[in-house]
Amino acid sequence: MGGMDQLPVVYCLDDKFAAHCAACIASVLKNLSDQYLPRIYVITDSLSADNRRKIQETTKIRDCSLDFIDIDPAHNEFKDFKIPAPWSHSIFYRLKIPSLLEKHSKAIYLDSDTILTADISELFNLDISNYLLAAYDESRNDPPITAYFQSKKLNLPTEIGYFNTGVLLLNLEEMRKKEVAQKCLDLLKSDLHPSLSFPDQDVLNIVVNGNYLRLPKTWNTQQIFGTKPPFWRKFFPFVHGYTDLPKIIHFSGPMKPWKSKKESEHWLNVSGKVPYSKQYFKYLAYTPWGKHK
């Protein structure tokens, strides 16, 4: 492992997403170039010993380091914040990454409901020296539903867009200098917080204020764009399906590959078929959650 370039990847989760996080970790490790030593960080306030053991076992796929960073409930500045269902307070912990990873100048954050199909070092090596972070601008969606409503709600200028925080390449040095985390915390403590639909994402968009590198959709393809055009045209006539296999699949929203067919059918009648679900189960098979099936 000596002489290898370190590549930090960070997750924030609780027990509910442990298996899905492990599948994502497996996808990172299986696709990453041998040039890199992956440094996996799991930030949590409530991860069981059994789930820690299973995630640890997952990282045996290749040379890798794994650190669990525990948020002390007694000193958790987010504990009293109200959060929209179905999320937990772990959504806020990505805001603490700059202070928790002080020895790193750059890191990748991934939501636990993402899957990699490509070498993540390609994302890591993007030059963001002049930006606070890199993210996918949802105003590029067709139609830009979330970006349109959130930008109006938050009074964000149209030209700066509205980025999704499920996949982030973070310039940690610059974020520390600009005190991004503290500014986000101040907003969460303000009268604005109760009106936020996506609290962590909304405050980051406000504070970053357009100072981010726009990623191509392939680095954060929400699985809904993998549906065939007739599905979307029934609801939004101008949406086009994403046909190529994305580099990062993001199972955002109510459609999840691990949900039952009945649950999926309840949402817009998609007949239980979640786009790109095969990729999820492919990498879940490398984890203790998938090996017994």
Side-chain angles (χ1 to χ4, degrees), residues 5-13 28 36 38-45 67-72 75-78 81 87 89-112 114 120-139 147 150-151 154 156-157 159-190 192-193 196 198-216 219-220 248 250:
D5 295 329
Q6 295 189 15
L7 197 159
V9 182
V10 189
Y11 300 88
C12 303
L13 66 144
V28 169
Y36 294 90
R39 299 290 307 269
I40 307 297
Y41 294 93
V42 175
I43 304 173
T44 183
D45 60 10
D67 291 286
F68 292 100
I69 301 176
D70 291 290
I71 303 297
D72 183 355
H75 300 93
N76 186 352
E77 59 263 65
F78 304 107
F81 293 159
W87 299 308
H89 285 94
S90 63
I91 65 171
F92 295 118
Y93 300 155
R94 73 196 75 192
L95 303 176
K96 295 177 68 69
I97 294 173
S99 60
L100 293 173
L101 272 65
E102 287 185 324
K103 61 184 176 182
H104 293 291
S105 61
K106 195 177 184 182
I108 291 173
Y109 166 80
L110 296 173
D111 271 359
S112 296
T114 57
I120 202 171
S121 67
E122 183 184 346
L123 173 61
F124 184 73
N125 287 323
L126 291 176
D127 182 6
I128 55 168
S129 56
N130 295 321
Y131 302 95
L132 289 169
L133 55 85
Y136 175 65
D137 178 5
E138 291 197 355
S139 69
Q150 291 308 107
S151 294
L154 303 173
L156 295 174
E159 61 270 17
I160 73 172
Y162 178 85
F163 62 86
N164 181 280
T165 57
V167 177
L168 298 170
L169 175 60
L170 302 169
N171 183 341
L172 299 179
E173 282 189 355
E174 197 63 21
M175 292 180 78
R176 287 189 282 263
K177 288 179 185 176
K178 296 292 175 61
E179 300 183 324
V180 169
Q182 185 58 52
K183 291 174 182 177
C184 287
L185 183 60
D186 290 343
L187 281 173
L188 289 168
K189 290 178 177 178
S190 72
L192 178 67
H193 181 206
L196 300 177
F198 309 98
D200 58 305
Q201 185 166 281
D202 288 347
V203 294
L204 264 175
N205 269 275
I206 294 170
V207 172
V208 170
N209 193 33
N211 185 16
Y212 65 98
L213 178 68
R214 276 68 173 169
L215 293 176
W219 286 115
N220 187 352
I248 297 183
H250 188 183

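Keep in mind that this is a model prediction, so the values were computed, not measured. Values reported hereafter were calculated over all heavy atoms of this structure, with side chains retained and with hydrogens, waters and symmetry mates removed. Throughout, numbering of the chain's residues begins at 1 and tracks the sequence.
With sequence neighbours left out, Asp67 forms a salt bridge (charged side-chain N to carboxylate O under 4.0 Å, His left out) with Arg39. Residues satisfying the side chain to side chain donor-acceptor pair (under 3.5 Å) test with Lys178, not counting sequence neighbours, are Glu174. Judged as a side chain to side chain donor-acceptor pair (under 3.5 Å), and not counting sequence neighbours, the contacts of His104 are Tyr41. Asn125 pairs by the side chain to side chain contact (heavy atoms under 4.5 Å, CB included) definition with Tyr36, Ser121, not counting sequence neighbours. With sequence neighbours left out, Asp45 forms a side chain to side chain donor-acceptor pair (under 3.5 Å) with Tyr93. Lys106 meets the salt bridge (charged side-chain N to carboxylate O under 4.0 Å, His left out) test with no other residue; sequence neighbours excluded. Remark: Glu77 pairs with Lys96 by the salt bridge (charged side-chain N to carboxylate O under 4.0 Å, His left out) rule, at least two apart or across chains. By the side chain to side chain contact (heavy atoms under 4.5 Å, CB included) test, Thr114 pairs with Cys24, Leu110, Asp111, Val167, Ile248, His250, sequence neighbours left out. For Ser99, there are no side chain to side chain donor-acceptor pair (under 3.5 Å) partners two or more places apart in sequence or in a different chain. Every residue meeting the ring-ring contact (aromatic ring centres under 6.0 Å, His included) condition with Phe163, not counting sequence neighbours, appears here in chain and number order: Tyr212.
Two residues are said to be in side-chain contact when any heavy atoms from C-beta on lie closer than 4.5 Å; Pro199 and Leu188 meet this criterion. For the pair Phe92/Cys12, no side-chain contact is recorded, criterion being any heavy-atom separation below 4.5 Å from C-beta on. Leu215 has its side chain within reach of Leu123: a pair of non-hydrogen atoms, C-beta onward, lies under 4.5 Å apart.
Of all non-hydrogen atoms in Thr165 and Tyr109, the two that sit nearest each other are O-CE2, 3.3 Å. Shown here for Pro8 and Leu101, the closest heavy-atom pair between the two residues is CB-CD2, 4.4 Å. The shortest heavy-atom contact between His89 and Phe78 is CD2-O, 2.9 Å. Closest non-hydrogen pair, Ala135 versus Asn164, comes out as CB-O, 3.8 Å. When all heavy atoms of Leu172 and Ala107 are compared, the pair lying nearest together is CD1-CB, 3.8 Å. The minimum heavy-atom distance between Val28 and Tyr11, with the atom names listed, is CG2-OH, 3.6 Å.
One finds the CG atom of Leu154 at 4.5 Å from the CD1 atom of Ile206 (value rounded to the nearest 0.5 Å). The line from CZ of Arg176 to CD1 of Ile97 is 11.5 Å long, rounded to the nearest 0.5 Å. Distance CG/Leu168 to OH/Tyr136: 14.5 Å, rounded to 0.5 Å.
Between Asn205 and Gln201, the side chains place no donor N or O within less than 3.5 Å of an acceptor N or O (distance only, hydrogens not considered).
The list of salt bridge (Lys or Arg N to Asp or Glu O under 4.0 Å) pairs with a residue in residues 199-215, not counting sequence neighbours, reads Arg94-Asp200.
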Only distances under 3.5 Å count here; give the side-chain donor-acceptor pairs of residues 126-134 to other protein atoms, sequence neighbours excluded, each with its distance to 0.1 Å.
from   : atom 1 : to     : atom 2 : distance (Å)
Asp127 : OD1    : Ser129 : N      : 3.0
Asp127 : OD1    : Ser129 : OG     : 2.7

>> For Leu204 and Phe198: C-alpha separation, side-chain torsions, deciding distance, then whether side-chain contact (heavy atoms from CB on, under 4.5 Å) applies.
In response: CA-CA 10 Å; Leu204 264 175; Phe198 309 98; over 6 Å; no
> Are Ile160 and Val208 close enough, and set up right, to give a side-chain contact (heavy atoms from CB on, under 4.5 Å), and what steps lead you there?
Replying inline: CA-CA 10 Å; Ile160 73 172; Val208 170; over 6 Å; no
> Does the side-chain contact (heavy atoms from CB on, under 4.5 Å) test come out yes or no for Thr44 and Asp70, once each step is laid out?
Replying inline: CA-CA 5 Å; Thr44 183; Asp70 291 290; 3.6 Å; yes
